[in-house]
Amino acid sequence: CKDFPHSPFIRKQGNIYKPNNKAMDSDSVTEKTLQDLHTKEIDLVNRDPKHLNDHVVKVDFEDVIAEPPGTYSFDSVWKASFTTFTVTKYWCYRLLTALVGIPLALVWGIFFAILSFLHIWAVVPCVKSYLIEIHCVSRVYSICIHTFCDPFFEAVGKCFAKVHVGFTKEV
């Protein structure tokens with residue numbers, strides 16, 4: 001403080017933006033994780049690490065075309081069909097992704113950005129606001145029910161408490 005006559009105020013826990021203690025340091029960990037999320041390397045070998053398309057997209061030759069026992073084609077036809085199917089699927093997919101993949105990635109990126117924006121800035125605040133407002137209404141409704149309906153139903157219950165119904169079976 002001697003060197004700096006007007007030193008900035010720093011709390012015991014540290015500056016709220018640059019905390020000095022471990023309890024407030026979780027923000028910097030989250031910030032580092034967020035930075036790593038956007039700068040991480042992509043895996044060019046395993047392109048479906050979360051297995052999104054395991055149950056949907058089965059497009060190997062054996063998954064689409066199969067000959068049951070007793071109805072086999074010529075071996076050369078089977079091999080040529082396998083090669084034709086596999087090469088056509090491979091190059092057609094590559095051509096389609098080269099032509100349409102990047103524009104669709106842009107469209108889906110914009111879509112999910114808008115969806116995230118609406119969820120964070122519109123849906124959740126509206127739901128929270130509704131829950132806060134409905135809590136007040138539910139309190140008033142509960143008070144009205146307990147004030148007017150509970151005594152009525154309690155009295156009706158006491159009136160019919162002594163009523164006993166018996167069943168007899170006639171043969």
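These values consider heavy atoms only, across backbone and side chains, with no hydrogens, waters or symmetry-generated copies.
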Student: Given side chains that start at C-beta, do those of Glu62 and Phe82 come closer than 4.5 Å, heavy atoms only?
Tutor: yes
Student: Treating Ile, Leu, Val, Met, Phe, Trp and Tyr as nodes and any side-chain heavy-atom pair under 4.5 angstrom as an edge, say whether Trp121 and Leu118 lie in one connected cluster.
Tutor: yes
Student: Mind checking whether Phe111 and Ile114 have side chains closer than 4.5 Å, heavy atoms only?
Tutor: no
Student: Give the minimum heavy-atom separation between Lys89 and Asp60, together with the two atoms involved.
Tutor: NZ-OD1, 4.0 Å
Student: Looking at Asp43, I'd like to know if its CG atom is crowded, meaning that more than 12 non-hydrogen atoms belonging to other residues, nucleotides or ligands lie closer than 6.0 Å.
Tutor: yes
Student: Give a yes or no on whether Ile102 atom CD1 has more than 12 heavy-atom contacts from other residues, nucleotides or ligands under 6.0 Å away.
Tutor: no
Student: Which pair of non-hydrogen atoms, one from Pro151 and one from His146, has the smallest distance, and what is that distance?
Tutor: CD-O, 3.5 Å
Student: Tell me every residue that passes side chain to side chain contact (heavy atoms under 4.5 Å, CB included) with Tyr90, counting only those two or more places apart in sequence or in another chain.
Tutor: Arg94
Student: As an exercise, state the distance from CD1 of Ile143 to OG of Ser138, rounded to the nearest 0.5 Å.
Tutor: 9.5 Å
Student: Return the CG to CD1 distance between Leu115 and Ile120, rounded to the nearest 0.5 Å.
Tutor: 9.5 Å
Student: Quick check on the hydrophobic clustering: are Phe152 and Phe160 connected, directly or via other members, by side-chain heavy-atom contacts under 4.5 Å?
Tutor: yes
Student: Could you tell me whether the side chain of Thr84 and the main chain of Ala80 form a donor-acceptor pair under 3.5 Å?
Tutor: yes
Student: Taking the side chain from Ser129 and the backbone from Pro125, do they hold a donor-acceptor pair closer than 3.5 Å?
Tutor: no
Student: With sequence neighbours left out, what residues match Cys136 under side chain to side chain contact (heavy atoms under 4.5 Å, CB included)?
Tutor: none
Student: If hydrophobic clusters are built by linking Ile, Leu, Val, Met, Phe, Trp and Tyr wherever their side-chain heavy atoms come under 4.5 Å apart, do Tyr141 and Phe148 end up in the same one?
Tutor: no
Student: What distance separates Leu131 CG from Cys126 SG, expressed to the nearest 0.5 Å?
Tutor: 11.0 Å
Student: More than 12 heavy atoms of other residues, nucleotides or ligands under 6.0 Å from NZ of Lys79: is that the case?
Tutor: no
Student: Side chains of Pro103 and Leu106, heavy atoms from C-beta outward: is any pair under 4.5 Å?
Tutor: no
Student: Let me confirm one number: the NZ-CZ distance from Lys158 to Phe153, rounded to the nearest 0.5 Å.
Tutor: 15.5 Å
Student: Do Asp48 side-chain atoms and His51 backbone N/O form a donor-acceptor pair below 3.5 Å?
Tutor: yes
Student: Measure the CG-CG distance between Leu96 and Leu104 for me, rounded to the nearest 0.5 Å.
Tutor: 10.0 Å
Student: Nearest heavy-atom pair of Ala66 and Trp78: which atoms, and what distance?
Tutor: CA-CH2, 4.1 Å
Student: What is the distance from atom CG of Leu99 to atom OG1 of Thr97, rounded to the nearest 0.5 Å?
Tutor: 8.0 Å
Student: Among the clusters formed by ILVMFWY side chains lying less than 4.5 Å apart, do Val123 and Tyr130 turn up in the same one?
Tutor: yes
Student: Which heavy atom of Phe85 sits nearest a heavy atom of Ile65, and at what distance?
Tutor: CD1-CD1, 4.4 Å
Student: Any donor-acceptor pair under 3.5 Å linking the side chain of Thr86 with the backbone of Thr83?
Tutor: no
